[in-house]
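Contents: one structure, followed by commentary.
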Amino acid sequence: GKQAELVSLADTSKAFRLVARRIEPSVVHIDTVQEMERNGADEWAFQFPRGRERLEGRGQGSGVIVDAQAGYILTNFHVVRGATRVQVHLSDGRAIDNDDIEIIGFDEATDLAVLRVGAGELTAAIWGSSKELEVGDWVLAVGNPYGLDRTVTLGIVSATQRRGIGGGYQKFLQTDAAVNPGNSGGPLLNIRGELVGITTAIVGEAYQGISFAIPSELAQNIYERLKQSGHVARGWLGVQPQQLSQDVAERLNLKGHAGFFVAAVLRGSPADAAGVQSGDLIIEFNGQKVSDNSELPLLVADAPIGENVKMTVLRGGQPLELTVKIGQRPDRLAPK
């Protein structure tokens, strides 16, 4: 009995070893140099007006090779953001310099970027399904925390649909695999050694038992789109949310209703043209119920640009059907 249990534990340990060995050649260490400037108030910024002191900041992160033939590497956008020089270190000791690295595209909303390196004899990771992951499943994270090359950590999936971390366009995998600065952009793997996520964030300045990864289902979709066009076009409404307090809900006759509460409508936006007003509660969009402020951005982002979509709002407690022509989200939303 006990001996059989120990053998099965040894088998699990062997699986971890195999996963670590299999993924090692696919993980890269990314070093960057960012040009930064210091203002009079000693604050750092990434804009460089003339006549101000310029300094160089060094950054590092991780990445994972996802196409060995073409040399494509997937990483976090924040790893390469604002970089004037990028260097990629492969597991076999090769260092690929700036001139042989091309940034194919990036998507700020999901914090992903695709690089292409001019190098042969690469090994790509195998995509896995994040959809199949369940809370309690083993996962391994690999990266370069504090520059410690190809560190492997182990944990379990703590939650699969975490929202409200960073942008409003995704749900994250939460794990307790140890992740620290420098891990960003590295792979998260299931026990079969398949790529199920891209490690992206921690809570606080250092690891405290909670780390987040972009699920492979989303990461692969964004990767394919970045490969094709260098950017990701998303549907756009032009509404700003706010938490609906109890007294405001009572005043607007919205008590007991769930939805996306519109605090403001951007002038000239698709929502503005459709007749959406501040104080509206969007309860249905394109045939799908909207239960809170975090759900609508995901539905709108996936809506086909240029198409007319029906939505239902509650205004003064009464349902009102509106038709909105989905716009394309601008890269920068300048306040009016």
Side-chain angles (χ1 to χ4, degrees), residues 19 22-28 30 61-81 88 102-117 122-134 137-143 157 159-163 165-175 177 179 183-201 211-235 297-305 329:
V19 170
R22 167 68 190 82
I23 196 64
E24 188 190 8
S26 306
V27 182
V28 303
I30 300 171
S62 307
V64 58
I65 299 165
V66 283
D67 185 327
Q69 255 41 59
Y72 286 125
I73 291 169
L74 191 57
T75 185
N76 282 145
F77 172 54
H78 78 254
V79 169
V80 293
R81 175 190 215 141
V88 169
E102 184 187 354
I103 295 180
I104 296 295
F106 60 83
D107 179 43
E108 202 167 349
T110 52
D111 193 23
L112 287 168
V114 176
L115 316 181
R116 181 160 60 197
V117 294
L122 301 174
T123 305
I126 295 160
W127 286 103
S129 170
S130 55
K131 263 202 236 169
E132 289 173 18
L133 283 180
E134 291 185 29
D137 281 349
W138 287 113
V139 280
L140 290 91
V142 189
V157 175
T160 58
Q161 300 274 311
R162 280 283 182 245
R163 283 193 299 209
I165 300 121
Y169 293 108
Q170 56 189 310
K171 297 168 185 175
F172 289 88
L173 294 171
Q174 182 189 326
T175 83
V179 162
N183 267 103
S184 285
L188 186 76
L189 307 153
N190 62 20
I191 199 155
R192 292 195 296 276
E194 298 163 337
L195 181 62
V196 289
I198 299 292
T199 303
T200 194
S211 56
F212 297 102
I214 299 159
S216 59
E217 190 193 350
L218 175 68
Q220 193 170 8
N221 175 298
I222 299 295
Y223 161 66
E224 295 295 345
R225 288 161 79 174
L226 289 176
K227 223 169 49 167
Q228 275 176 354
S229 62
H231 72 285
V232 177
R234 281 192 178 82
L298 293 167
L299 296 173
V300 174
D302 286 341
I305 293 159
R329 184 179 172 81

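Annotation for I222 and R234: closest pair CD1-NH2, 3.8 Å, computed over non-hydrogen atoms. Here the shortest heavy-atom pairing between S26 and T123 reads OG-O, 2.9 Å. Counting all heavy atoms, side chain and backbone alike, K171 lies closest to L298 at CE-CD1, 3.7 Å. Residues A68 and A124 come closest through the heavy atom pair N-CB, 3.7 Å. In plain terms, the two heavy atoms of S216 and S129 that are nearest each other are OG-C, 3.9 Å. Shortest non-hydrogen contact noted between G71 and L122 is CA-CD1, 3.7 Å.
Contact of the T160 side chain with the Q174 side chain is not registered, since no non-hydrogen atoms from C-beta on lie closer than 4.5 Å. Within the 4.5 Å cutoff, the side chain of V28 has heavy atoms near those of the I65 side chain. Two residues are said to be in side-chain contact when any heavy atoms from C-beta on lie closer than 4.5 Å; V114 and I73 fail this criterion. Using a 4.5 Å cut-off on side-chain heavy atoms (C-beta onward), F77 and D107 make no contact. Put simply, the side chain of I23 reaches to within 4.5 Å of the side chain of P187, judged on heavy atoms. Between E194 and W127, every side-chain heavy-atom pair lies at or beyond the 4.5 Å cut-off.
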Pair L195-V66, side-chain contact (heavy atoms from CB on, under 4.5 Å): steps then yes or no: CA-CA 9 Å; L195 181 62; V66 283; 4.0 Å; yes
Report the C-alpha separation of I198 and L112 in whole Å, then their side-chain angles, then the decisive distance to 0.1 Å, and conclude whether the side-chain contact (heavy atoms from CB on, under 4.5 Å) test is met. CA-CA 9 Å; I198 299 292; L112 287 168; 4.2 Å; yes
Go through it in stages, so that I can follow the logic: the residues are I30 and T75, the test is side-chain contact (heavy atoms from CB on, under 4.5 Å), and I'd like the CA-CA distance, side-chain angles, deciding distance and then a yes or no. CA-CA 9 Å; I30 300 171; T75 185; 3.7 Å; yes
When you look at D137 and N190, which way does the side-chain contact (heavy atoms from CB on, under 4.5 Å) test go after all the steps? CA-CA 8 Å; D137 281 349; N190 62 20; over 6 Å; no
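Evaluation of the side chain to side chain contact (heavy atoms under 4.5 Å, CB included) rule for S184 yields N76, H78, V79 as partners, not counting sequence neighbours. With sequence neighbours excluded, the residues forming a salt bridge (charged side-chain N to carboxylate O under 4.0 Å, His left out) with E132 are R192, listed by chain and number. Partners of R116 according to the salt bridge (charged side-chain N to carboxylate O under 4.0 Å, His left out) rule, which considers only residues two or more places apart in sequence or in another chain, are E102.
Remark: the T175 side chain and the S211 side chain contain an N/O donor-acceptor pair separated by less than 3.5 Å.
Using a cutoff of 4.0 Å between basic side-chain nitrogens and carboxylate oxygens, R81 and D111 are not scored as salt-bridged.
Within the 3.5 Å criterion, the main-chain N or O of G230 finds no donor-acceptor partner in the side chain of R225. With hydrogens and angles ignored, the 3.5 Å screen pairs a side-chain donor or acceptor of S130 with a backbone N or O of E217.
A distance of 11.5 Å separates OG1 of T199 from CZ of F172, quoted to the nearest 0.5 Å. Here L133 contributes atom CG and L173 contributes atom CG; the two are 6.0 Å apart, rounded to the nearest 0.5 Å. A distance of 14.5 Å separates CH2 in W138 from CG in L189, rounded to the nearest 0.5 Å. A distance of 11.0 Å separates NZ of K227 from CG of L74, quoted to the nearest 0.5 Å.
Within a 6.0 Å radius of CD in E224, more than 12 heavy atoms belonging to other residues, nucleotides or ligands are found. Enclosure of atom CZ in F106 is not indicated, since only 12 or fewer non-hydrogen atoms of other residues, nucleotides or ligands lie within 6.0 angstrom.
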